[in-house]
Amino acid sequence: MSFLVIGECVADVVRAPGVADRVHPGGSPANVAYGLARLGRDVTLLTQLADDPAGRLIGAHLRDAGVRVEVGGHPGRTPSAVVALDAEGRAAYAFDIAWTLEAVALPARAPAHVHIGSIAAVTAPGAAAVLAGAERLRDRATVSYDPNVRPGLMGEHASAVARVERCVALADLVKASDEDLAWLYPGQEPAAVAARWLTLGPAVVLVTRGAAGSFAVTRHHTVAAGAPPVDVVDTVGAGDSFMSAVLDGLAGRDRAALGALSAGELAELLARAGAAAAVTVSRAGARPPDRAELDAARRDPAGA
């Protein structure tokens, strides 16, 4: 099964008190593609990279994992984000990014699944190309979406919510964090938002809640899972690792099968994705597990 991820690459400049800055390859869609490749999946990333040190670092990082990188334009510089970590390893981001992707060329071999999200799905002018590409492929592929909200880049609130909801309506599966939902819909319960999003079109909505775990909502089931115990180094890439593990776990399922997931299947999906996120937060940067590491984490959650 082949995956196509469309979205941004970002050089994460990780800054913590008393520690020299560290530069890690990042960008939510790029992290998802990387995580899928680490799990042995056939994955292509359609993105933008500049011919600069950060662009070459990110490109090599992705290709070394087995990601096919298709570059849809060369910006003047590779996007970057200063990632400030607090004493508990939680990340806050300050971005320097432009997204100017033009028309998306369809792959020679149509993917079975398309993943979109984050900055690339809602930031003009490139977002139009992302959505047009996903819409053109949707008759042959399932689609997933992760808003990965970055408030400083979202613009006017009502317009941002409308852009996010258009992406939700396009997707078969949506994953969001409780922080995403709190910014999009202040004061509303995450479960109520997830249920409302189901009415827009997705078969499955997943919500991550950090150390509180996660839950999944379909038209037939609501299932919650706790988070494995873990010593957190930093939270960079945790949600993207969760997303990669979800897509890996659902590989090969069509729209009807996604809508028919049992409560037990959803519980296993959340547990495996939570284990992937736990491995990632146990080490610096967006470094998701490979399949052997993920299987080991599932056997021994305390050792993640």
Side-chain angles (χ1 to χ4, degrees), residues 5-38 43-86 89-102 115-127 129-130 146-154 177 232-244 277 280-281 283-289:
V5 179
I6 311 174
E8 74 274 4
C9 293
V10 178
D12 287 337
V13 182
V14 180
R15 185 165 295 163
V19 179
D21 287 355
R22 307 187 307 272
V23 179
H24 296 290
S28 178
N31 291 342
V32 172
Y34 183 78
L36 283 166
R38 292 271 290 164
V43 57
T44 299
L45 174 67
L46 177 58
T47 190
Q48 291 189 300
L49 283 173
D51 185 14
D52 58 15
R56 291 189 287 274
L57 170 71
I58 294 170
H61 165 79
L62 292 165
R63 293 183 181 100
D64 286 349
V67 179
R68 281 188 298 277
V69 180
E70 298 287 344
V71 178
H74 296 275
R77 63 185 180 276
T78 296
S80 64
V82 174
V83 185
L85 301 178
D86 66 15
R90 292 175 300 211
Y93 295 81
F95 289 93
D96 178 8
I97 187 168
W99 179 247
T100 58
L101 188 74
E102 296 183 355
H115 176 72
I116 63 174
S118 195
I119 296 163
V122 295
T123 301
V130 175
D146 178 0
N148 194 44
V149 169
R150 301 305 183 201
L153 299 176
M154 298 296 286
S177 71
V232 176
V233 173
D234 70 49
T235 61
V236 178
D240 304 322
S241 292
F242 187 100
M243 187 83 245
S244 296
T280 301
V281 302
R283 51 201 189 189
R287 296 170 53 209

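- Contact between Ala11 and Ala54 at its shortest, heavy atoms only, is CB-CB, 3.9 Å.
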Could you go through residues 56-67 and list every donor-acceptor pair under 3.5 Å that involves a side-chain atom there, pairing it with any protein atom two or more places apart or in another chain?
residue: Arg56; atom: NH1; partner: Asp51; partner atom: O; Å: 3.4
residue: Arg56; atom: NH1; partner: Asp51; partner atom: OD1; Å: 2.8

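- Using a 4.5 Å cut-off on side-chain heavy atoms (C-beta onward), Thr123 and Glu8 make no contact.
- Looking at every heavy atom in both residues, Phe242 comes nearest to Ala277 through CB-CB, 4.4 Å.
- Atom CZ in Arg287 sits 9.0 Å away from atom OG1 in Thr280 (nearest 0.5 Å).
- In terms of heavy-atom proximity, Pro288 sits nearest to Gly35 at CG-CA, 3.6 Å.
- For the side-chain hydrogen bond (donor to acceptor under 3.5 Å, both in side chains) with Asn31, the lone residue among Asn148, Asp240, Asp12 that qualifies is Asp240.
- The minimum heavy-atom distance between Ala238 and Val281, with the atom names listed, is CB-CG1, 3.5 Å.
- For the atom pair SG of Cys9 and CD1 of Ile97, the computed distance is 9.5 Å after rounding to the nearest 0.5 Å.
- Considering every non-hydrogen atom in both Gly72 and Leu101, the closest pair reads O-CD1, 3.3 Å.
- Counting heavy atoms from C-beta outward, Ile116 and Pro29 have side chains that stay 4.5 Å or more apart.
- Side chain of Ser118 to backbone of Pro147: no donor-acceptor contact under 3.5 angstrom is found.
- Atoms CZ and CG, on Phe95 and Leu153 in that order, are 6.0 Å from each other to the nearest 0.5 Å.
- Shown here for Ala33 and Val43, the closest heavy-atom pair between the two residues is O-CG1, 3.5 Å.
- For residues 26-35, the set of pairs meeting the salt bridge (charged side-chain N to carboxylate O under 4.0 Å, His left out) definition, not counting sequence neighbours, is empty.
- Between the CG atom of Leu45 and the CZ atom of Arg68 there is a distance of 11.0 Å, given to the nearest 0.5 Å.
- Between the side chain of Thr78 and the main chain of Leu49, no donor-acceptor pair closer than 3.5 Å is present.
- Within a 6.0 Å sphere centred on CZ of Arg77, heavy atoms belonging to other residues, nucleotides or ligands number 12 at most.
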